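Beneath this line is the structure, given in structure tokens, with notes to follow.
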Amino acid sequence: MKIVITKSYDEMSEKAFEVMKQVVLQKNDAVIGLATGTTPLGLYNLLIKACENKEISFKDIKTINLDEYKGIDKSNKNSYHYFMQQNLFKYVDINQKNIYIEKGNAECDLAECKRYNELLDKFPQDIQLLGIGSDGHIGFNEPGTKFDSLTHVVNLKKSTIKDNSRLFNKISEVPKQAYTQGIKNIMNAKKILIIANGKNKAKAVQKAICGPITEKVPASILQLHPDCTFILDEEAASLL
Ligand code: PGA
């Protein structure tokens with residue numbers, strides 16, 4: 001496991017961008033696992049700029065997102081489909097057919113999870129970007145999720161609903177369930193890039209990196225990944 005500690009959110013984003021850029025330059029049809037949330041926004045801006053400058057291209061890149069709220073359509077402004085369009089996809093030269101995210105309004109949970117697992121088997125991620133929840137979750141894999149889990153539906157924890165409510169008009173609008181790649185799907189990625197900033201992530205980061213490998217802290221499994229890099233700002237790294 002590699003740990004990079006940076007002075008600021010901007011520097012964290014730049015370092016993450018360098019890692020992502022290398023993957024894209026080495027393989028122009030790479031499969032990139034992406035994440036939503038506020039942490040990756042700086043990185044996404046840098047990817048947009050690099051694409052505008054023709055430094056990189058998404059023309060043949062495939063993206064596979066981690067998760068999506070259940071029960072909402074992709075046109076819903078709170079969906080992760082919408083988030084990804086607004087914060088990355090509509091500004092880069094990606095082919096819309098190469099974008100994969102779970103269907104929040106799928107008719108059958110089992111069929112949707114099966115479809116996504118088959119997709120991940122067919123297109124294993126060359127790199128998977130992750131944020132970390134203040135409870136140590138990765139994707140929407142909450143504490144207690146089995147390490148051998150595949151794509152599944154989760155009941156979101158109260159703390160996650162509260163954390164995510166900042167992006168909604170009111171907390172009651174936050175969906176209570178979501179589809180998420182399982183921990184096994186995430187661990188299958190060839191390379192993992194996990195980014196975190198801010199004091200509210202320090203405890204989770206400390207447990208993930210220094211604590212025991214336990215299903216109580218989903219991110220702790222990353223200690224076993226052969227190619228995992230944590231890029232942190234000083235606050236997120238403050239308890240290491
Ligand atoms: P955040 O979410 O980037 O919005 O902090 C990270 C996560 O919950 O995985």
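Given the structure is predicted, the values throughout are model-derived calculations rather than measurements. Note that ligands are numbered from 1 as they come in the structure, with each ligand's atoms numbered from 1 the same way.
- Under 4.0 Å is where a charged nitrogen must lie from a carboxylate oxygen, and between Lys190 and Asp126 at least one such pair does.
- Between Lys59 and Asp93 no salt bridge is recorded (no basic side-chain N to carboxylate O distance below 4.0 Å).
- The closest protein non-hydrogen atom to atom 6 (C) of ligand 1 is Ile132 O, 3.6 Å.
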Can you check side-chain contact (heavy atoms from CB on, under 4.5 Å) on Lys7 and Glu234, steps first, answer last?
CA-CA 6 Å; Lys7 290 244 168 298; Glu234 278 178 346; 3.2 Å; yes
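- Between Lys201 and ligand 1, at least one pair of N/O atoms sits closer than 3.5 Å.
- Atoms of ligand 1 found under 4.0 Å from any heavy atom of Thr39 (numbered from 1 in listed order, with element): 1 (P), 3 (O), 5 (O).
- Ranking protein heavy atoms by distance to atom 9 (O) of ligand 1, first place goes to His137 NE2, 3.5 Å.
- The protein heavy atom nearest to atom 4 (O) of ligand 1 is Arg166 NH2, 2.7 Å.
- Taking both residues in full, the closest heavy atoms of Asn141 and Ser149 are given as OD1-OG, 4.0 Å, listed atom of the first, atom of the second, then distance.
- To the nearest 0.5 Å, the span separating OH on Tyr100 from OH on Tyr116 amounts to 10.0 Å.
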